[in-house]
Structure formats: structure tokens, C-alpha cells
There are 2 protein chains.
Amino acid sequence: MKKSIQILIYEDNVLLRESLTNLLALTGEYEVLASFPDCSDVMNQVRQLDPDVILMDIDLPGINGIEAVKLIRGFNPQVQIIMLTVFDDNSHVFDAMYAGANGYLLKKYISDKLLHAIQEVLQGGAPMSPSIAKMIISSLQQPVVAAKDYSLTNREKEILQLLSSGNSFKMIAAELSISLDTVRTHIKHIYDKLHVRSQIEAVSKAIQEKLVK
Amino acid sequence: MKKSIQILIYEDNVLLRESLTNLLALTGEYEVLASFPDCSDVMNQVRQLDPDVILMDIDLPGINGIEAVKLIRGFNPQVQIIMLTVFDDNSHVFDAMYAGANGYLLKKYISDKLLHAIQEVLQGGAPMSPSIAKMIISSLQQPVVAAKDYSLTNREKEILQLLSSGNSFKMIAAELSISLDTVRTHIKHIYDKLHVRSQIEAVSKAIQEKLVK
DNA sequence: CCTAAAATACCCTGATCAGGTGATTGTTTT
DNA sequence: AAAACAATCACCTGATCAGGGTATTTTAGG
């Protein structure tokens, strides 16, 4: 008989906590090691019980689920963590992702998707509800919008790129095989167009506004 | 009788193209308006046929799927585009996302997930294969992983931050109410620790390695 | 209490950068 | 053909930065 998947649950709602436990127990493939209504002792619990998967509610009293993930990730990079949340809004999801969660499931999809989500994280995937995935996609598509037009010529863009990579005027001149004075002329034009008065401002603005890679 | 969902297919593999068409036709809910082996006339085709959903192979001869998405998004922001790909590696996926695709399906999951994925995009979600979702999550978690330790003191970090925002030494001195020479001393220490020899290199490195916001 | 680290400050010299002015050549646009 | 733009180069002046050394005060740890 193969070893069952060991699971730890953090969920403050008693009914949901018990439903989850029952749901997982019924399958026979999963063993719920324990379930807790809060994360007050999360580090010791995870260390001692050493689960394969953690189901973590985001909205917990005391230490919230996101803080808990940070704590866990501080000493355990491999346990698979699936966040359970009623929020499909912005910041919570991102914070949880940054913290190091592996999957995100809206509570309304739990009955449909939980078992599938657990399988996915164990296979190295990142399960998430469609609307959450949509948020992530949208956030990644934002950079496309950027890149204002300062009417820089190709040569000016090239020089701004080199400057932003840490090259001095002298190095740029050598790199492009042109005179130092020519580099300076281009730099002056760049300053005029970007409305800045020093290399620092130019580089800062160029990187901030994604004028360079 | 409700109107069927109208679909356009771009896929260079003949067998797969026909399988997709048959699979969708069998359900009775979808109507394949047309299917093409390349994107040479994609703009006119999308404009005239005006589909609800487009299935787009990434690896197409001539204009590839990612370029095609950019072209389509140029005039049609609402059509739902699902990318079909054999790649679960790096850049292709990101490029497609930046370009404005709505979902991403690895070809090996097509038979299992295609119908479900179409439903999801039509409901405003973003379907994607678990491994692709994983890539996205990982990319969002990088900022957490980053930030090497150069043993900068808090004051040095503060000054590096101000420098990277475009401030001159003079401005930093004024901002922090310390002497210009003190700023210079801190700067020297920062250069030593980062192994650089100019403000440009320092700022470039600081932003590159996410030492500053 | 004592020490190490951090933050503060000053001086000097040479290198680099900013701003202004002017000029030549070739290409593109009108 | 004329005008506008792009890329190239030069010179001059004053400002800012880099690198070296030295030194005092405050903070944090053992």
C-alpha cells in the first residue's frame, strides 16, 4: 500500500474545516495530519508534522495566511501550499504569491477543484481559479502599455541603453567607435528630450519608464 | 435555439487542425468558422469572420502566433484568444502573454481541457496548463528570491535609493541634512561593497539586482 | 566598560560630466 | 532646391564626481 499524502489545514471556519477533513479522508489517498483555526504556532506545527501539502485560509485571525506562508517559507521551501480565499481581488492574491504559495483556490470552487488542485501541486503545477489566473495575466500585460514616446533617434536610444548599463561616456565612445565629443552631443540631445540634467536622472528615468531593457 | 460560439483556428498541423474542428463540431455548441495553416492574412480574416474565440498555435510558419496576437490586439481587444503550444519553456509563454492572449494550453492537454478552457475564457477567466501557471507564479516570486547581500548599512541603502532616483550628491546631502562630504564617504563605501567605480554602474547594478525599489 | 561598526566631517588631486556655441556631412521631407 | 533632421566632431568653462587619506562622535555588542 502506497503512503498517503499528508495534509495540514489552517481554516478558522469550523464547518469548512471539518468538511475539508471529511472530503479528504473519504478519498483514502489523503491523510489530514491535523487542522487548526489559527497560525499562532504554525512554525512548530509544520516542523513537527512535516506535511506534503498545506491548505491555508488567507483570512485568519491573528497571524493571517500570507504572513504564515512567509514564516513557513523561511525554513521550508518544498512543502506545497494552496491558499483558500473568498477574495478574488487584487492585493491579497499578489501578496500571497510573493510570499511563496503554490496554488490559489477560491472557496466557491473548493468542492469541484480541491482534489484536482492537490494533485497538480504535487506534480509541480500551480493550480488556480480562472479569475485569479486572469488577474495575474492582466498584471503581466500592463508593461505593454508603457514606453512613452520621447522621439529619441535610434542612435540616441542605443547610447541611452549603453549609459543605463553602466558605461561611461568614454566607454560608449570606444564601443561605438565614435569620438567622445559626439557621445556628449548625443547625450545633450537625450537630456533635452527627457527633460533631465544629469546622467543619473536620465538612467533613472530610462529604467523607470522602460525606455531600456 | 441559442447562437453557437463561433471559433477560428490557426494551426499548421493538418491532423491537429482537423481533430480540433471535429471535436468542436461534435459538441453542437461550437461552430468552427474557418481554420488556417498560417497567419498571412490574419487581420482580414479576423475582421471579416469576427469570431468569439480564436485558437492560435504559437509555432506557425511565416508570421508566428505571438506576432499574430499582437496584430489582432491592434484592432480587436475583445476576441478571446487561447494559445496552443508544445513549449512549456520560458520566453514564448511570456511573449504571448505580453502580446495579449487570454489563455494558454499545452497541446498534450488539449483533448482533456480544450472545451473547458473555451468555457473559461468566455466567462472572463484565464485558463492555462498547470506548468504554465507555475512559470507565471515563479516569475512573480522572483522579486522575493532576489536581493543579494552586499552588507550595505541602512544609511548606505538609503543613499543608494536616493541616488537611483536621480538625486545628485548635493541633493542627497540636502535631503538627509548631512554634509556633502559625508554623502561622498557613504558613496565610497557603497562603491567598494558593490565593486563598482561610478554612480552609473552603481545605479545600474542597484536597479538590475533589485537593491532598490 | 571597551571595542567594533556606523555615521559624520574635512582636504586634496585628477577625472569626468554639463552646458553653451559652432561646424560638416549626408539623408529625408516638403 | 530648400528645409529639416540625423550623426558626426571640436573647444571652452564651470560643476560634479572618484579616489586617496584622516579624524571625531555615536551606537551596538560582548
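Labels below follow one simple rule: chain letters A, B, ... track the order of the sequence lines, proteins then strands, and each chain is numbered from 1. Every heavy atom of this structure was used, including side-chain atoms; hydrogens, water molecules and symmetry mates were not. On a predicted model such as this, the values are computed, not experimentally measured, just so you know.
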Calculate the interatomic distance between B/His186 atom NE2 and C/dA5 atom C1'; express it in whole Å.
-> 12 Å
Check whether the side chains of B/Ser40 and B/Asp38 place a donor and an acceptor atom closer than 3.5 Å, and report yes or no.
-> yes
Using atom CD of B/Glu158 as one end and atom P of C/dA7 as the other, report the distance to the nearest whole Å.
-> 9 Å
Would one find a side-chain N or O of A/Thr182 under 4.0 angstrom from OP1 or OP2 of D/dT8?
-> no
Is it the case that A/Gln199 and A/Tyr191 place a side-chain donor and acceptor less than 3.5 Å from each other?
-> no
Quick one: B/Ile190 CD1 to C/dA6 P, roughly how many Å, whole number?
-> 13 Å
Over how many whole Å does the gap from B/Leu160 atom CG to D/dC17 atom C1' extend?
-> 16 Å
In terms of side-chain heavy atoms, does B/Glu156 have a donor or acceptor partner in B/Asn154 at a distance below 3.5 Å?
-> no
Separation of D/dA18 C1' from B/Ile159 CD1 (nearest whole Å) = 16 Å
How about A/Thr185 and A/Thr182: does a side-chain donor come under 3.5 Å of a side-chain acceptor?
-> no
Answer yes if the side chains of A/Asp52 and A/Gln6 hold a donor-acceptor pair under 3.5 Å, and no otherwise.
-> no
Pick base, sugar-phosphate or nothing for A/His189, based on heavy-atom distances below 4.0 Å to the nucleic acid.
-> nothing
Under 3.5 Å, sequence neighbours excluded: what are the donor-acceptor pairs made by side chains of residues 62-70 of chain A?
{"unit_1": "A/Asn64", "atom_1": "OD1", "unit_2": "A/Ile66", "atom_2": "N", "d": "2.9"}
{"unit_1": "A/Asn64", "atom_1": "OD1", "unit_2": "A/Glu67", "atom_2": "N", "d": "2.9"}

Using the C1' atoms of the five pairs at each end, what is the angle between the end axes of the helix from C/dT3-D/dA28 to C/dT30-D/dA1, to 10°?
-> 60°
A/Asp50 versus A/Gln48, side-chain donor and acceptor atoms under 3.5 Å | no
Could you encode protein contacts along nucleotides 18-28 of chain C as a string, one character per nucleotide from 5' to 3', using B for base contact, S for sugar-phosphate-only contact and - for no contact, with a heavy-atom cut-off of under 4.0 Å?
-> BBBB-------
Provide, to the nearest angstrom, the distance between the CD1 atom belonging to A/Ile172 and the P atom belonging to D/dC9.
-> 14 Å
Gap between atoms CG and P, on B/Asp192 and D/dG21 respectively (whole Å) = 11 Å
Is there side-chain contact between A/Ile110 and A/Lys108, with at least one heavy-atom pair below 4.5 Å?
-> no
Check every atom of D/dC9, D/dC17, C/dT8 against the side chain of B/Arg155 and return the nucleotide holding the closest atom.
-> C/dT8
Start at the 5' end of DNA chain D and walk down; is the nucleotide closest to A/Glu156 or to B/Leu180 reached first?
-> A/Glu156
Is A/Tyr10 close to A/Cys39 at the side-chain level, that is, under 4.5 Å between some pair of heavy atoms?
-> yes
Whole angstrom is fine here: how far is it from CG in A/Leu152 over to P in D/dA7?
-> 10 Å
